[in-house]
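Here is the structure we will look at.
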Amino acid sequence: MASPIMDNFAIEPVDDEHLVPVWEGPIPLRRSVAPPMVWLLGAHGGAGVSTLAHQLGVAGDARRRWPSGRFPDQESPLVLVVAGEHASGLDAASDVLRQHLSGQGSDAHLVGLVTVAQTKGKLPTSLDYRLRTLSDIAPRTWRIPYAEGYHTHTPAELPSWAPGQEIVRPRRWDPTKVVLPEIETLGCDLVDTVNAFLQH
């Protein structure tokens, strides 16, 4: 769901103790890893960044720091904040988003927020309110639903999605065989976002 930020909408700054650090140089990569199109910034530990970075062939783990955004020729300046759908996770996401939108972050470009469900079913009213509040300040939000089997596999045991890849969905869900439709949608949206950003 898209949520444009109004120019006159005041964003409250974040306390220094809750500020996410910024990489001083380009984010180090292993030699065998291609530079990602988008960085995933976990708002807290256990947000699901490792799994998403593995399953999204266009994304990389920013390792809980903002990319500086000052090295466009060496790395992508695009960032997607990731958080779990629980009270502390959504509050942490609020801090990360507000840090950037209030000018306390880096020169990176904030793409939006993706939240990862922790249980089946609808969100409790209090969490739904927190999520709707975040949707008001994030440029865009995505939600990844809870999926049986994800917590019993390491990221390396799960499949990856890449642009243009045709996905054949089995009749019976198996997390080791195919990515969630929502992850495929997120990947396609990120590719569109990258292409639009490069055209400006």
Side-chain angles (χ1 to χ4, degrees), residues 1-3 5 9 11-23 27 36 38-56 58-67 78-102 104-106 108-155 158 161 175 179-187 189-190 193:
M1 42 189 149
S3 178
I5 301 172
F9 188 82
I11 301 293
E12 182 181 351
V14 179
D15 294 338
D16 289 347
E17 62 181 304
H18 294 125
L19 291 177
V20 174
V22 179
W23 286 97
I27 299 176
V38 178
W39 291 107
L40 302 180
L41 173 57
H44 56 89
V49 169
S50 296
T51 298
L52 279 178
H54 173 76
Q55 293 209 281
L56 289 169
V58 298
D61 185 352
R63 287 178 268 172
R64 302 285 306 280
R65 290 188 180 194
W66 285 99
L78 304 179
V79 179
L80 181 64
V81 176
V82 183
E85 288 183 351
H86 45 75
S88 58
L90 296 179
D91 282 355
S94 176
D95 286 342
V96 177
L97 293 174
R98 288 190 296 110
Q99 173 184 347
H100 186 72
L101 296 172
S102 64
Q104 297 171 286
S106 66
H109 180 80
L110 177 63
V111 172
L113 168 71
V114 58
T115 59
V116 181
Q118 307 298 295
T119 60
K120 291 182 179 180
K122 293 183 178 180
L123 281 175
T125 301
S126 61
L127 295 185
D128 183 64
Y129 175 78
R130 279 183 165 95
L131 184 55
R132 284 188 286 110
T133 300
L134 293 178
S135 296
D136 286 338
I137 64 172
R140 189 168 179 183
T141 57
W142 294 264
R143 296 183 67 196
I144 304 299
Y146 180 83
E148 292 287 353
Y150 264 58
H151 298 291
T152 59
H153 295 283
T154 65
L158 301 174
W161 172 89
V179 299
L180 289 168
E182 291 81 4
I183 289 179
E184 181 185 6
T185 297
L186 172 59
D189 288 346
L190 292 178
T193 298

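Here OH of Tyr150 is found 8.0 Å from CD1 of Ile144. Values are rounded to the nearest 0.5 Å. Between atom CD of residue Gln104 and atom CG of residue Asp16 there is a gap of 7.5 Å, rounded to the nearest 0.5 Å. Put simply, CD on Glu17 and CG on Asp95 are 9.5 Å apart, with the number rounded to the nearest 0.5 Å. In this structure, Leu52 CG and Trp161 CH2 are separated by 12.5 Å, a value rounded to the nearest 0.5 Å. One finds the CG atom of Leu158 at 7.0 Å from the NE2 atom of His153 (value rounded to the nearest 0.5 Å).
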(message) Is there a side-chain contact (heavy atoms from CB on, under 4.5 Å) between Val116 and Gln118? Walk through the geometry before answering.
(response) CA-CA 6 Å; Val116 181; Gln118 307 298 295; 4.2 Å; yes
Full working for side-chain contact (heavy atoms from CB on, under 4.5 Å) between Trp39 and Val49: CA-CA 10 Å; Trp39 291 107; Val49 169; over 6 Å; no
Can you list the steps and then say if Leu40 with Leu80 is a side-chain contact (heavy atoms from CB on, under 4.5 Å)?
-> CA-CA 5 Å; Leu40 302 180; Leu80 181 64; 3.8 Å; yes
Stepwise side-chain contact (heavy atoms from CB on, under 4.5 Å) test for Val81 and His100: CA-CA 11 Å; Val81 176; His100 186 72; over 6 Å; no
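The list of salt bridge (charged side-chain N to carboxylate O under 4.0 Å, His left out) pairs with a residue in residues 46-55, not counting sequence neighbours, is empty.
At least one side-chain heavy atom of Tyr146 sits less than 4.5 Å from a side-chain heavy atom of His151. Between Leu127 and Glu85 there is no side-chain heavy-atom pair separated by less than 4.5 Å. Using a 4.5 Å cut-off on side-chain heavy atoms (C-beta onward), Leu134 and Thr141 make no contact. Taking 4.5 Å as the limit, some side-chain heavy atom of Glu148 sits within range of a side-chain heavy atom of Lys120. By the 4.5 Å heavy-atom criterion applied to side chains, Asp128 and Lys122 are not counted as neighbours. Within the 4.5 Å cutoff, the side chain of His44 has no heavy atoms near those of the Ser88 side chain.
Closest approach of Ile183 and Leu56 over heavy atoms only: O-CD2, 3.5 Å. Across all non-hydrogen atoms, the minimal contact from Ala53 to Gly60 is CB-C, 4.3 Å. Contact between Leu90 and Arg130 at its shortest, heavy atoms only, is CD1-CB, 3.8 Å. The two residues Leu180 and Pro145 make their nearest non-hydrogen contact at CD1-O, 4.0 Å.
A side-chain donor-acceptor contact under 3.5 Å links His54 to the backbone of Pro155. A donor-acceptor contact shorter than 3.5 Å links the side chain of Arg98 to the backbone of Pro13. Without hydrogens or angle criteria, Arg65 side chain to Pro21 main chain gives no donor-acceptor distance under 3.5 Å.
For Tyr129, the side chain to side chain contact (heavy atoms under 4.5 Å, CB included) partners are Arg132, Thr133, not counting sequence neighbours.
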